[in-house]
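Everything on this sheet refers to the single structure shown next.
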Amino acid sequence: MPALLQRLRNRLTARDHGLLVLRRAGRTAIVMPGTFAICDQVIGNPEMALFAAFGSFAMLMLVGFGGPMRQRMQAQASLAVVSSLFVCLGTLASQTAWLACLAMAVLGFGVLLAGAVSSVLAGASTSLLLSFILPVSLPGTASDVPDRLAGWGLAAVVGLFAIRLLWPEPAADPLRGKAVAACRALAARLRSEDEASPDHQQIVRDAHRTLDELQRQFLTTPYRPTGLSASDRAVVRLVDELNWARRVIVHSLPIPDDSPNLAARRARIAAANVLGHGADLLAAPRTSPDALHTASAELRAALFALERDAADVLPPLSDRGPGNGTGASTVSPDEPDEPDDRQVTEVIDALESSFRAHELAFVVGAIGDNIDAAARAERRTWVQRLLGRQATGLPGTLSAAQERVSAHVDPHSVWLHNSVRGAVGLALAVLVANLTDVQHAFWVVVGALSVLRSNALSTGQNALRAVLGTLAGFAIGALLLLPIGSDTTPLWFLLPVTILVAGVAPAVISFAAGQAAFTLELVILFNILQPTGWRVGLVRIEDVAIGCGVSLVVGLLFWPRGAGAALNTALSQAYTASSRYLAAAVEFGVRRPGSRPASTAVEAKRQAVRAASAARRMDDAFRQYLTERGAKTTPLAEFAMLIGGVIGLRLAADTVLDLWERDGGQAFGEGSAAHPAQLPHAQLRHTLLRRTWQVTDWYDDFAKSLDGGRPVPRSLDQDADADRALVRALREDLRDKHGIASATAVRAIWTGDHLSALRRNQPTLVQPVLATGLAHDERAPD
């Protein structure tokens with residue numbers, strides 16, 4: 001027996017991190033029988049008792065808000081108010097079948113889609129749906145509202161005290177903790193490189209191990225690895241950004257103390273400070289953000305200094321010519337010579353360390369902004385959280401809600417699929433329950449809700465497990481009821497035990513075990529209300545089978561391919577949108593004030609919003625893919641690599657757009673006396689655009705291959721001719737009348753460097769696609 005208990009304990013701790021499920025089940029096992037007993041045995045109102053029991057289940061078992069206790073209590077109180085309103089509406093809508101069906105469809109779709117706007121509503125969606133499903137499935141009149149509302153209200157009030165007093169959950173997030181460690185590890189690596197630390201190699205290994213642990217935690221959590229709050233979503237984005245920062249750091253160059261490139265060194269040091277102070281704020285988001293703000297300001301200043309000082313190190317071509325050992329040009333200025341490979345290399349290499357520092361600083365700046373946004377989200381009031389309002393300095397309620405909802409008004413949005421499928425499935429279950437005149441219509445709808453998953457195959461598997469679990473629970477219940485008979489006293493002792501098992505079993509054992517325990521719980525509950533023996537279990541089997549059939553039909557009709565296929569489509573759309581954003585950013589840069597249409601800047605911003613929306617849909621599809629049951633046909637690490645490619649493409653576009661938007665802190669056209677901002681001339685514009693189109697065309701073709709539209713394209717080779725063409729186009733910018741290069745030359749070369757980096761990243765994207773069979777190589781025969 002001790003060995004068996006030890007194995008059960010190990011399994012529980014392995015599958016229930018922090019014992020969160022056990023805490024909820026334990027509270028429910030105490031509160032649910034208590035409120036049920038008060039209404040049934042003391043007050044003597046069976047309908048009130050029924051709503052008190054299921055109200056306790058909905059308020060305690062099906063929802064768990066995170067954050068400080070004060071915020072949890074506020075969110076729980078808000079849930080109590082909204083769910084009580086749904087009890088009233090459901091009762092009034094239950095009087096006619098068509099009204100019940102229509103109301104279930106509208107409210108179900110609204111509740112599910114609201115999760116894209118409000119984290120509180122997203123976390124409480126199942127509880128809110130249950131608060132409407134129960135009354136709308138049990139026909140009643142306005143006179144029944146007080147009893148139903150009293151039972152639900154009693155459960156809500158007692159639940160508030162239970163959450164506060166009975167084993168309160170700690171505010172812990174394993175993914176956040178590992179993100180904090182990753183920030184500190186990257187900061188330590190940057191400092192050790194620039195300070196030539198004797199422990200540098202060990203620090204590098206520790207940083208890689210920490211980032212690998214973060215990625216592993218993100219990919220191996222069987223359910224959503226973080227909550228749905230704004231701060232939790234920011235932490236999810238940090239996983240991708242930190243992994244991309246690692247790639248940048250690997251390719252960056254340490255700057256020694258005696259290096260003349262002090263601006264690059266200051267940028268790297270500032271980046272390390274942002275990562276360090278960002279880790280501190282992420283670990284304690286309610287502390288003062290001043291240290292991170294100061295470090296971020298220093299990083300921005302270092303970025304400006306990089307751009308300002310980079311021009312000083314560019315070698316001019318005006319007095320160089322091939323075959324002239326004196327350094328003087330032998331070619332007429334009217335017919336400039338073609339730069340040789342040595343000259344091209346000198347110009348490109350002159351900005352290599354500055355470019356790497358600039359790339360690193362921009363990525364780390366994005367990480368710092370993300371951490372700051374997560375901390376500000378943590379400091380929101382409960383009203384702001386409920387309404388989906390952003391923190392101060394971020395978009396307001398309406399604009400944020402519009403942006404989030406519009407991102408999912410797309411035929412391929414996972415969130416939209418779930419909302420439509422859930423609403424139609426629940427409405428159809430209500431209609432079927434009313435038309436078939438089953439004894440307990442409520443279980444038809446709950447059966448549909450419990451087994452709906454992201455694809456028809458998984459839905460069918462869950463339907464089978466639900467029926468088998470129900471049969472097992474019925475068999476166990478029948479065996480228990482045979483010797484007990486009509487005596488309800490033993491049932492009162494068994495009720496809290498079955499509630500505890502029903503709460504823990506789905507997470508620790510299996511879905512079918514949870515269904516069996518839940519069926520046994522209901523058999524006991526209804527036999528206390530109205531002793532009918534084993535017949536209650538038989539009715540439960542019939543109702544759940546109908547509900548499972550409804551869910552299977554809905555799954556087949558609305559999403560037969562599941563989250564894996566949707567993720568491929570979402571990845572394809574994200575690459576396409578990010579590629580167009582990159583093209584718009586370069587177009588903005590090469591058509592500067594005085595030479596570009598007014599719509600160019602607007603178009604760049606529009607493409608940025610579209611890319612962000614596509615990335616949001618991609619993230620939701622990946623989250624759904626992680627939670628989807630069954631074996632994964634594509635390794636998660638490969639999908640993570642592809643998602644990282646989208647992040648890199650968007651960050652490159654962000655950097656290019658930011659690069660051409662400013663001139664050392666001044667707007668373009670207002671350049672300093674030493675570094676005037678010049679308009680890109682026609683040859684330079686043509687060269688950069690041609691180089692951009694080569695890259696974006698490849699990513700467009702790659703996006704189509706992910707969605708099955710065409711084979712995977714070959715990776716582009718590095719193009720030395722493109723570098724030569726860019727340097728030749730910059731001849732007049734590499735030395736002005738003051739004898740120094742212009743800001744335009746720096747920005748153009750850095751833009752070309754970003755495009756070259758995106759070309760170098762292509763093999764890392766092609767390999768996982770070919771290895772996993774998401775698409776086939778275009779070199780393969782048809």
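- A donor-acceptor pair is defined here as one N or O able to donate and one able to accept, closer than 3.5 Å; no such pair exists between the side chain of S56 and the backbone of A155.
- For the atom pair L50 CG and D147 CG, the distance stands at 11.5 Å (nearest 0.5 Å).
- At least one donor-acceptor pair under 3.5 Å links the side chain of D144 to the backbone N or O of T141.
- The two residues P285 and R176 have their closest heavy-atom pair at CG-NH1, 4.5 Å.
- S131 is not listed as a side-chain neighbour of F54, based on a closest heavy-atom distance of 4.5 Å or more.
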Show, in sequence, the C-alpha distance, side-chain angles and deciding distance for S94 and L138, and conclude whether the side-chain contact (heavy atoms from CB on, under 4.5 Å) test is met. CA-CA 7 Å; S94 67; L138 302 176; over 6 Å; no
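- Not a single donor-acceptor pair under 3.5 Å links the side chain of S137 to the backbone N or O of L134.
- At least one side-chain heavy atom of M104 sits under 4.5 Å from a side-chain heavy atom of I133.
- Of all the heavy atoms in T35 and A52, the pair that sits closest is OG1-O, 3.6 Å.
- Shown here for M61 and T28, the closest heavy-atom pair between the two residues is N-OG1, 3.6 Å.
- Remark: I499 CD1 to M32 CE distance equals 4.5 Å, nearest 0.5 Å.
- In terms of heavy atoms, G26 sits closest to L500 at N-CD1, 3.7 Å.
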side-chain contact (heavy atoms from CB on, under 4.5 Å) for R617 and F622? Distances and angles first, verdict last. CA-CA 9 Å; R617 292 193 298 272; F622 189 52; over 6 Å; no
Pairs under 3.5 angstrom only: tabulate donor-acceptor contacts from the side chains of residues 107-115 to other protein residues two or more places apart or in another chain.
none

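- Proximity of a side-chain donor or acceptor of Q76 to a complementary backbone N or O of M59 within less than 3.5 Å is detected.
- Residues that satisfy the ring pair (Phe, Tyr, Trp, His ring centres under 6.0 Å) test with F57, not counting sequence neighbours, are F518.
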List the atom pairs, with distances to 0.1 Å, where a side-chain N or O of residues 81-89 and a protein N or O form a donor-acceptor pair under 3.5 Å, not counting sequence neighbours.
from	atom 1	to	atom 2	distance (Å)
S83	OG	L79	O	2.7
S83	OG	A80	O	3.1
S83	OG	W152	NE1	3.0
S84	OG	A80	O	2.7

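- Atoms CG and CD1, on D40 and I38 in that order, are 11.5 Å from each other to the nearest 0.5 Å.
- Across all their heavy atoms, M48 and N45 have their closest contact at N-OD1, 3.1 Å.
- Inter-residue side-chain proximity for Q573 and T569 is flagged as met; some heavy-atom pair is nearer than 4.5 Å.
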Between E47 and R148, does a side-chain contact (heavy atoms from CB on, under 4.5 Å) hold up when you go through it step by step? CA-CA 7 Å; E47 188 160 26; R148 296 182 174 189; 2.7 Å; yes
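- Between V63 and S127, some side-chain heavy-atom pair lies under the 4.5 Å cut-off.
- Taken to the nearest 0.5 Å, the CG atom of L60 stands 14.5 Å off from the CZ atom of R23.
- In this structure, CG in L102 is found 11.0 Å from CG in L431, a value given to the nearest 0.5 Å.
- Taking every heavy atom of both residues into account, I163 and M73 meet most closely at CG2-SD, 4.4 Å.
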side-chain contact (heavy atoms from CB on, under 4.5 Å) between F36 and L495, worked out: CA-CA 11 Å; F36 180 64; L495 182 59; 4.2 Å; yes
